[in-house]
Peer 1: 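Supplied in structure tokens, the structure appears directly below.
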Amino acid sequence: YMPQETKVDRHFPASVYEIVLSGALNRVGYRPFFNNKEKKLAVECLKTLHIENLKNSSFGELSGGQRQKVLLARALCATRECLVLDEPSNNLDYDSKEEFYAVLKELHQKGLTIIMITHDMNLAKTADRIITLEDGHIVKDEKIK
């Protein structure tokens, strides 16, 4: 799950790598530390989103688009089957949105199921299926491809 917005204390001393690695907490169980497999997974997620250069950067000092990519990498570290995204492109400029959606499309083409809540109807051209809700009821269920 990737929330719409994450309130982050800009002075909280967490690096991008630490934020992404925290996505693997569900894999740790009763062990007190992350193992090499989980650390390698975090690095792979950084590479997938083309943000490995930010690995040692402070999360609180990133731009909005960079933070969204880090949160997506964290979500990927938690699962490889299904992502649930709540307005993931909120507060992103046009170029950042285009790049973000290109990454989502690439992940979906590799077999990842993506469920996204959005008001951005420009996404219709990239979705396989669009379910439109109004007052909590389905008013349209359309397969695109």
Side-chain angles (χ1 to χ4, degrees), residues 1-8 10 12 14-29 31 33-145:
Y1 172 73
M2 186 177 136
Q4 176 177 350
E5 193 175 307
T6 301
K7 305 231 186 266
V8 176
R10 294 213 180 258
F12 185 74
S15 71
V16 166
Y17 174 72
E18 291 167 331
I19 296 291
V20 174
L21 184 59
S22 72
L25 279 171
N26 62 338
R27 301 169 193 268
V28 172
R31 286 183 282 118
F33 301 103
F34 293 104
N35 64 26
N36 287 336
K37 185 177 178 182
E38 292 144 358
K39 291 175 183 177
K40 183 179 176 185
L41 175 61
V43 171
E44 286 174 14
C45 292
L46 289 167
K47 287 179 181 177
T48 297
L49 289 156
H50 314 291
I51 55 172
E52 62 270 22
N53 61 315
L54 299 175
K55 180 180 177 183
N56 296 315
S57 300
S58 171
F59 182 76
E61 295 175 0
L62 301 177
S63 71
Q66 290 170 325
R67 280 196 307 269
Q68 286 298 86
K69 285 183 180 180
V70 171
L71 293 175
L72 181 56
R74 181 183 185 278
L76 281 176
C77 203
T79 185
R80 291 295 188 163
E81 296 176 14
C82 180
L83 281 178
V84 178
L85 309 174
D86 182 8
E87 294 283 355
S89 63
N90 253 14
N91 304 316
L92 297 182
D93 62 36
Y94 179 80
D95 289 337
S96 295
K97 278 185 184 184
E98 291 292 311
E99 186 178 351
F100 190 80
Y101 289 137
V103 169
L104 290 179
K105 185 175 183 176
E106 182 182 320
L107 291 169
H108 179 63
Q109 287 172 341
K110 290 181 178 178
L112 185 67
T113 298
I114 300 172
I115 300 170
M116 182 168 24
I117 299 162
T118 187
H119 291 94
D120 186 350
M121 293 315 295
N122 290 325
L123 288 176
K125 62 185 175 211
T126 63
D128 291 340
R129 183 176 181 185
I130 297 174
I131 299 174
T132 306
L133 301 174
E134 188 173 307
D135 296 324
H137 296 70
I138 295 174
V139 294
K140 188 175 183 183
D141 185 348
E142 180 180 10
K143 289 189 179 189
I144 304 300
K145 296 176 184 175

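Numbering starts at 1 and runs along the sequence shown.
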Peer 1: List, one per line, each side-chain donor-acceptor pair under 3.5 Å for residues 42-52, sequence neighbours excluded.
Peer 2:
unit_1 : atom_1 : unit_2 : atom_2 : d
Thr48  : OG1    : Glu44  : O      : 2.9

Peer 1: Working note: Lys40 + Asn36, criterion side-chain contact (heavy atoms from CB on, under 4.5 Å); need CA distance, chi angles, decisive distance, verdict.
Peer 2: CA-CA 6 Å; Lys40 183 179 176 185; Asn36 287 336; over 6 Å; no
Peer 1: Leu133: what forms a side-chain contact (heavy atoms from CB on, under 4.5 Å) with it, not counting sequence neighbours?
Peer 2: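 For Leu133 the side-chain contact (heavy atoms from CB on, under 4.5 Å) partners, ignoring immediate neighbours, are Ile131, Ile138.
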Peer 1: Quick one: side chain to side chain donor-acceptor pair (under 3.5 Å) partners of Gln109, sequence neighbours excluded?
Peer 2: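 Checked Gln109 against side chain to side chain donor-acceptor pair (under 3.5 Å); zero matches.
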Peer 1: List in chain and number order the residues that pass side chain to side chain donor-acceptor pair (under 3.5 Å) with Asp141, two or more places apart in sequence or in another chain; answer none if no residue qualifies.
Peer 2: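 Counting only residues at least two positions away or on another chain, Asp141 forms a side chain to side chain donor-acceptor pair (under 3.5 Å) with Arg129.
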Peer 1: State the CZ-CD distance between Phe33 and Glu38, to the nearest 0.5 angstrom.
Peer 2: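 It is 12.5 Å, given to the nearest 0.5 Å.
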Peer 1: Could you check Thr113, Leu72, Ile115 and say which one makes a side-chain contact (heavy atoms from CB on, under 4.5 Å) with Leu83?
Peer 2: Leu72
Peer 1: Give a yes or no on whether the backbone of Ser15 and the side-chain of Glu18 come within a donor-acceptor separation of less than 3.5 Å.
Peer 2: yes
Peer 1: Nearest 0.5 Å, please: how far is OG1 in Thr118 from OH in Tyr101?
Peer 2: 4.5 Å
Peer 1: Quick one: salt bridge (Lys or Arg N to Asp or Glu O under 4.0 Å) partners of Glu99, sequence neighbours excluded?
Peer 2: Lys69
Peer 1: Keeping the roles fixed (side chain from His137, backbone from Asp135), state whether a donor-acceptor pair exists under 3.5 Å.
Peer 2: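 Indeed, once roles are kept as given, a pair shorter than 3.5 Å links the two residues.
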Peer 1: Under the rule for salt bridge (Lys or Arg N to Asp or Glu O under 4.0 Å), what residues qualify as partners of Glu81, not counting sequence neighbours?
Peer 2: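 Partners of Glu81 by the salt bridge (Lys or Arg N to Asp or Glu O under 4.0 Å) criterion come out as none, since no residue qualifies.
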Peer 1: Rounded to the nearest 0.5 Å, what's the gap from CG on Leu112 to CG on Leu104? Could you check?
Peer 2: 8.5 Å
Peer 1: Quick one, Ile117 with Leu85, criterion side-chain contact (heavy atoms from CB on, under 4.5 Å). Give me CA distance, side-chain angles, the key distance, then yes/no.
Peer 2: CA-CA 6 Å; Ile117 299 162; Leu85 309 174; over 6 Å; no
Peer 1: Please report, to 0.1 Å, the donor-acceptor pairs under 3.5 Å made by any side chain of residues 19-29, with sequence neighbours excluded.
Peer 2:
unit_1 : atom_1 : unit_2 : atom_2 : d
Ser22  : OG     : Ile19  : O      : 2.5
Ser22  : OG     : Arg74  : NE     : 2.8
Asn26  : ND2    : Ala78  : O      : 3.4
Arg27  : NE     : Cys77  : O      : 3.1
Arg27  : NH2    : Cys77  : O      : 3.0

Peer 1: Run Phe100 and Lys105 through side-chain contact (heavy atoms from CB on, under 4.5 Å) and show every step you take.
Peer 2: CA-CA 9 Å; Phe100 190 80; Lys105 185 175 183 176; over 6 Å; no
Peer 1: Phe59 vs Leu71, test: side-chain contact (heavy atoms from CB on, under 4.5 Å). Steps then yes/no.
Peer 2: CA-CA 10 Å; Phe59 182 76; Leu71 293 175; 4.0 Å; yes
Peer 1: What's the separation between atom CG in Asp128 and atom NZ in Lys143, rounded to the nearest 0.5 Å?
Peer 2: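 If I round to the nearest 0.5 Å, the distance is 9.5 Å.
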Peer 1: Restricting to side chain to side chain donor-acceptor pair (under 3.5 Å), what partner residues turn up for Lys37, sequence neighbours left out?
Peer 2: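 So Lys37 forms no side chain to side chain donor-acceptor pair (under 3.5 Å) with any residue.
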Peer 1: Measure from NZ or CZ of Lys55 to the centre of the six-membered ring of Tyr17, then state whether that distance is under 6.0 Å and the direction lies within 45° of the axis.
Peer 2: yes
Peer 1: Mind checking what makes side chain to side chain donor-acceptor pair (under 3.5 Å) contact with Ser63, not counting sequence neighbours?
Peer 2: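 Applying side chain to side chain donor-acceptor pair (under 3.5 Å) to Ser63 gives Gln66.
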